[in-house]
Amino acid sequence: MDAKMNSNRQNILSFNESWREKIKIFIRDVDVISCDVFDTLIHRKVRKPIDVFKIVSEQVIKEERFLDEVEIVFSFPSLRVYAENKARQQKFNIHGHYEVSLDEIYKNFQEITSCSNFLRDFLRGKELNVENSVTYANPVMLEIVKEALKNGKKIILCSDMYSASEEITDRVVTAGYPRGLPVIVSCENGCSKHDGNLFNILKNSFGEHERIVHIGDNIHADINMARENEINCLHFTYIDDIDRIFFPHFSKEENDFTNCLAHGFARFILITNSEKAYDIWYQTGLSVFGPLFLGYFLWLLDNLEKGKFSKILFLARDGYFFNKMFEKWSVPLGISIPSEYIYVSRGTLLYPSLSDLNWDRLWFQFGGRRNKTLNAICKKVGIPLYLYLEEAERSGISDVDECLESGDSRIHKFFVLVGKNLLKDAQKKREISRDYLINYISEGERVALCDIGWAGNIQGSISRIMRSGGISVDLEGFYFGIFPWSQMNNGLRDVFHGYLVNGSSVQNLNEVLLNGGVELLEFATTAPHGTTLSYVEKNNQVFPVLEQSDDDKRVQMLSASIQQGAWDFVTSIMDILLTMDKKIFLNRFWAEAFVNFVKQPTVEEARTFGVVTHSDAPGATLERSHLVSTPSSDAPEDIKEAKEKSFWKFAFQKLYEPQEL
């Protein structure tokens, strides 16, 4: 693979440095720096404030508190918003302004709901606790504030907020800012930045000749009104810029709690771990594959909870990341069954599992997008071609090194002619594969399988190999996707489940997966070890033989960076997910960023991931093709040919078929 480790696009390190320099220049010759608080000095790990209310509600429900008032708790997010709006309207009707305190909001909340004093106070305290738990400092502003104080400048916090100044102080100090910063807050002054009057209080707090500037994120309250009050200001668009540059694939749907949490926590990790999160591989793992992997994992655990399984087997190589997740989080999430990571591949199991000449299943052993010679096909399957040169001639293949298209009827005819010998050879190879599998699968067990999926070949192969030895097991596979043609592997005791696509019942993401999604997922889930090539017996034990390939190791290295981003995402968000019922997160919204990434990649993503290579056939990691093929010229026929060869059609279109404006 010749993909560069670092993207040329702006990374988080240069992004932060750009803001740092802009602010330093802005405050160079001033005496007083007024700072907006929320989305300027501090951020939340959620996308919007109302998400805090949803967390409060779900945590109280899981704690099984206030069962006699559970309807109020369940409706808390909307009731809390309504109570605030009502309190503001009442304040305006009486006093001519909308600024209210948190106590006034909860007074209205109680009037609306008739809840007990205990529930009212409990929810108020829980809201503050959740707010503190999801609050973190903006690293650029934290550095600016500390440096400005050292240089003798004055810092004052100026906020439109219902929280009292003491609560705001606690919040910013907890986030890491120095103690003792004065606070001007709207709820304590009966006016706001929004109406401009809070800036009058700001100016009156300092001497006439002290030079004051203001920094904030709201275009009206922090910029337009500051200018109207003759205060120089800087529009701090940090969060909006972060989302535009680094998170283009998150849905903008505000009512999707899953997406809001995923977006908020991915943003938190990027902002607070900028030294580690500077490259495009890590960032994509963080924002695209992290949410997808977590959604699949929660779905997997829910299915394990419903079934009575003897164990779960994570299949190499695509099950590696999820085996790690299972080891760390299965018990905290309520699942406790034995698990194993086993070394299998289509290349080691599909051919030995053949008990009849099933052409569709056999094709999966060597099929792909690239033309191949009969010589290469036989090497891939494991057939000694020199024994079957006569059959090749009879099939119409006089030159075994002639490149043949996958659909060439001569290939099919060749396998028909050598079929009986093929099945005898498969039977011999079946024994050592079964000897390896019986270390993990026993008679009568009900075993869950975790793998990436698609056609169900590995599960079907395991089932056939075990049955041929008289070992009956129930195998239930849980995959990212199962396509309709998996039916060829569906035995009487085999069950297949797909998270994104599920056979013929759920297919709306087929286009995404079949035009780059499959290959991108397989790349992102690559384990840090080679594919399983075969098995060898030593001292009455069977061991897997793993491929050692420099090109594959480069794939592993890039995949490891993606998985590190995904792991950091899951680790960060899991702390708060554990405080809520995991069933509210059993959905496919976790996959939205991945779907958008596949269908609408940025130019930089299309270029960077487009040169990732993917094996053209099962186990053929030495026979790799780029996800996006490069046209040999600008001629329409060359562009068409390159597009047909490309795995990732959407990225090809982005690079070579740009849409006219």
Side-chain angles (χ1 to χ4, degrees), residues 285 289-290 292-304 307 309-330 333 335 337-350 433 436-437 439-441 445-463 465 473 475-482 486 489 494-500 513 517-533 535 544 546-547 552 555-556 559-560 562-564 566-567 570 590-591 594 614-615 618-619 621:
F289 291 102
L292 176 65
F293 290 174
L294 178 56
Y296 164 78
F297 182 69
L298 294 173
W299 170 81
L300 170 66
L301 293 190
D302 183 63
N303 279 280
L304 294 180
F309 294 99
S310 309
K311 65 180 64 170
I312 179 170
L313 300 180
F314 293 88
L315 310 185
R317 295 192 289 176
D318 302 326
Y320 175 82
F321 187 86
F322 308 100
N323 180 53
K324 283 179 56 181
M325 291 182 70
F326 191 85
E327 289 176 346
K328 185 173 178 63
W329 288 299
S330 59
L333 285 166
I335 304 299
I337 63 172
S339 65
E340 296 275 5
Y341 181 74
I342 68 172
Y343 291 87
V344 294
S345 67
R346 284 179 291 174
T348 55
L349 297 184
L350 198 150
S433 299
Y436 176 77
L437 292 172
N439 291 309
Y440 306 97
I441 303 174
E445 286 189 316
R446 187 174 183 217
V447 179
L449 303 178
C450 170
D451 195 13
I452 199 168
W454 315 133
N457 278 301
I458 293 183
Q459 179 176 336
S461 298
I462 292 174
S463 182
I465 289 171
V473 293
L475 299 179
E476 197 156 340
F478 299 97
Y479 307 105
F480 274 92
I482 285 294
S486 63
N489 285 305
D494 291 292
V495 181
F496 298 87
H497 304 278
Y499 173 56
L500 297 179
L513 292 174
V518 165
E519 291 77 17
L520 287 164
L521 255 173
E522 291 182 356
F523 165 62
T525 55
T526 299
H529 62 74
T531 191
T532 308
L533 297 177
Y535 301 106
L546 305 183
E547 182 185 51
D552 191 53
V555 173
Q556 295 172 31
S559 177
I562 290 175
Q563 290 180 26
Q564 185 60 60
W567 184 262
V570 175
W590 296 105
F594 169 73
H614 186 271
S615 59
T621 55

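These numbers come from a predicted model, not from an experiment. Only this structure's heavy atoms are used, side chains among them; waters, hydrogens and symmetry mates stay out.
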Discussion item. With heavy-atom distances below 4.5 Å as the criterion, would you say the side chains of Phe480 and Leu292 are in contact?
Written reply: yes
Q) Would a 4.5 Å heavy-atom cut-off, applied to side chains only, mark Leu546 and Leu533 as touching? A) no
Is there a side-chain contact between Trp590 and Trp299 (heavy atoms, below 4.5 Å)?
-> no
- Parallel, tilted or perpendicular, as decided by the 30° and 60° cut-offs, for the rings of Phe478 and His497: parallel
Correct closest heavy-atom pair for Thr532 and Pro544 would be CG2-CB, 4.0 Å
Minimal heavy-atom distance between Ser559 and Phe523, with the atoms involved, is OG-O, 3.0 Å
To the nearest 0.5 Å, atom OH of Tyr296 lies from atom OG1 of Thr525 at 10.0 Å
- Query: So Tyr343 and Tyr341, would you call those rings parallel, tilted or perpendicular, with 30° and 60° as cut-offs?
  - Reply: perpendicular
Pairing donors with acceptors under 3.5 angstrom, does anything connect the side chains of Tyr320 and Gln563? no
Note: Ile465 and Ser433 closest approach over all heavy atoms is CD1-CB, 4.1 Å
- Would you call the rings of Tyr436 and Tyr535 parallel, tilted or perpendicular, where under 30° means parallel and over 60° means perpendicular? parallel
Answer whether the closest heavy-atom distance between the side chains of Asp451 and Leu449 falls below 4.5 Å. no
Determine the interplanar angle of the Phe326 and Phe314 rings, folded into 0 to 90°, and report it as parallel if under 30°, tilted if 30 to 60°, perpendicular if over 60°.
-> tilted
Value for NZ (Lys311) from CG (Leu304), rounded to nearest 0.5 Å, stands at 14.0 Å
